[in-house]
2 protein chains.
Amino acid sequence: MESSIAAHERLVTKLESDSRLSDEDREAVRQLPFTVKDLPRGVDIVRDGDRPAECCLVVSGLVCRYKLLLGGKRQILSFHLAGEIPDLQSLFLKRMDHSLAAITPVRAAFIPHAALRALVGSRPSVAAILWRETLIDAAIFREWIVGLGRRTAMQRVAHLLCELAVRFRAVGLAGDHHYTLPVTQSELGDAVGISNIHVSRVLRDLRDAGLVLVSGGTVTTLNWDGLVELSEFDPDYLHLTRPEP
Amino acid sequence: MESSIAAHERLVTKLESDSRLSDEDREAVRQLPFTVKDLPRGVDIVRDGDRPAECCLVVSGLVCRYKLLLGGKRQILSFHLAGEIPDLQSLFLKRMDHSLAAITPVRAAFIPHAALRALVGSRPSVAAILWRETLIDAAIFREWIVGLGRRTAMQRVAHLLCELAVRFRAVGLAGDHHYTLPVTQSELGDAVGISNIHVSRVLRDLRDAGLVLVSGGTVTTLNWDGLVELSEFDPDYLHLTRPEP
DNA sequence: CGGTTACTTGATGCGTGTCAATGTTAGTGG
DNA sequence: CCACTAACATTGACACGCATCAAGTAACCG
């Protein structure tokens, strides 16, 4: 019961805060069927090649999307916090072209495609909000492309730490100068395209430069402006300001 | 007149081929207002920071999206062929977080946001098709992230050439073993995150390996299977197979 | 308490960037 | 038709960022 309420709350809160929905829209969202599951750290939630029949709403915990190369190398494509639906694209792209994994223990609500499809088919305002979510996803992908293509290892790590700081704060999961990021250095490396060993060196350099401290799953900002300047971080791409009604 | 017909044709053909639309849906698409413009090579169609009031449908030519860094470095985010709408996301994300440029002379049809918004608000089937387009866009971004993060320069170039071969062929713009790609080596480098000079070296190596020949704006495939194997190219991420009705 | 996982540090080498010089091609005007 | 130019492409020399290998430390946990 507890978890069910939380799951619905996440989605409804998100939808309500995002735009002015009619009472009918809200009611339709509330009536979405779903199943809550608790998943241990490390498991694949959906796998590359799967044809899932439901979408996964993150209720709590940290989730990532990734792809594996033939040689065993891994590239993390995105991180997803509570309230997000990382595989919303599976509603329209039947076959998964990547995997979804739990980085921490995760509580997730699974919503059947059929119900979601009916919802977006009959409620254009809800569809617009969800569509917009997938577009912000794509905007973040674009920014990652810029980082991977044109920024140094140190800038990439700094940029990612800035992005996550802003996103964690936006959902109330970050304090003023620190947030919890339960991620290994290997995972960081797989996200920014460098080796785990070099992550260690870069984090040391960032610490020595007095910019940020990453240790024990906690990120502590020492000099936010310096971090922003180093990584050329501009939060516009996150499109966090609410759209005009 | 000629161009007007062509623009409508591109869009209607695309929508019809993508799914079963009702006659009313098709009629609604046909009644979209738009303005056709011919743009010279090199111009920015939309700029980072803009708040456009219309979307750009590529009727002919080659378009790219890109971002500039403070140091003047450029990262190309995507290429767009005839029939695509590269800035469809501006329907829901008001402020552009990147720019859109004409790589070749381009003929484009501009469709007002208001009309598009009305269309997707009243025609869920049309909305679903356009939404799906933006999701495929995102899938391509993901694959680029993998390349930039985890592939060598040679693999990245080979992968891009594979991707474009498949996409050009899908819209009937490629022969069996060659296609026209009017792109400079600097632009290639900006897309795959390497210097223009190294592009030259990589293209020589690809030629010497008997895989592909890039010269004078034409890509000639010498050994498709070898190219696919080298770059680990798997076209699934392009989601070219039509969705089931 | 032994084994596992995560992290750190140093040594070495490769891949790619950068700089500089040269070659090639297409376009332009006399 | 040729001289001139500008843009694009090629090649070599050198430097540097990061990968990789190897060894060692620290924290955790059955």
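Letters A, B, ... mirror the listed sequences (proteins, then strands); counts begin at 1.
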Counting only side-chain heavy atoms from C-beta out, which of [options] sits nearest to [X]?
| X | options | answer |
| --- | --- | --- |
| A/R41 | D/dT10, C/dC7, C/dA6 | C/dA6 |
| A/T184 | D/dT10, C/dC7, C/dT16 | C/dC7 |
| A/S200 | C/dT9, C/dT16, D/dA19 | C/dT9 |

Query raised in the report: Does A/E84 reach the side chain of A/R167, with side-chain heavy atoms less than 4.5 Å apart?
Result: yes

Requested in this report: Find out whether A/D234 and A/V228 are in side-chain contact, i.e. whether some heavy atom of one side chain is under 4.5 Å from a heavy atom of the other.
Outcome: no

Scan nucleotides 19-22 of chain C against the protein and return all N/O pairs shorter than 3.5 Å with their distances rounded to 0.1 Å.
none

Query - A/Q185 vs C/dT8: side-chain N/O to OP1/OP2 distance below 4.0 Å - result: yes

**Report entry** Residues forming a side chain to side chain donor-acceptor pair (under 3.5 Å) with A/Q75, sequence neighbours excluded
**Finding:** none

Report summary line: side chain to side chain donor-acceptor pair (under 3.5 Å) filter on B/R95, not counting sequence neighbours, yields A/D236

Report task. Mind calculating the distance between CG (B/N196) and C1' (C/dT18) to the nearest angstrom? Result -> 10 Å

Query raised in the report: Rounding to a whole Å, what distance do you find between B/L203:CG and D/dT11:C1'?
Result: 14 Å

Query raised in the report: Aromatic ring centroids of B/F141 and A/F141 under 6.0 Å?
Result: no

Report summary line: Nearest heavy-atom approach of A/I45 to A/C56 is CG2-SG, 4.2 Å

Query raised in the report: In terms of side-chain geometry, is the basic nitrogen of A/D176 or A/R169 positioned less than 4.0 Å from the acidic oxygen of its partner?
Result: no

Query - DNA chain D contacts made by residues 147-164 of chain B, counting heavy atoms under 4.0 Å - result: none

Report task. Residues of residues 65-80 of chain B with any non-hydrogen atom less than 4.0 angstrom from an atom of DNA chain D: list those, numerically ordered, please. Result -> none

Query raised in the report: So, A/T184 side chain and A/E187 main chain: donor-acceptor pair closer than 3.5 Å or not?
Result: yes

Report task. Just grab all the ring-ring contact (aromatic ring centres under 6.0 Å, His included) pairs involving residues 42-71 of chain A, residues at least two apart or on different chains. Result -> none

Report task. Tell me what A/G193 touches on the nucleic acid: a base, only sugar-phosphate, or nothing, going by heavy atoms under 4.0 Å. Result -> sugar-phosphate

Report task. For B/G189, answer base if it contacts any base atom (sugar-phosphate contacts may also be present), sugar-phosphate if it contacts only those atoms, and nothing otherwise; contact means non-hydrogen atoms under 4.0 Å. Result -> nothing

Query - Most 5' of B/R204 and A/I194 on DNA chain D, judged by nearest nucleotide - result: B/R204

Query raised in the report: A/H159 vs A/Y237 aromatic rings, parallel, tilted or perpendicular, using cut-offs 30° and 60°?
Result: parallel

Query raised in the report: Without hydrogens or angle criteria, can the side chains of B/R65 and B/S78 be said to hold a donor-acceptor pair below 3.5 Å?
Result: yes

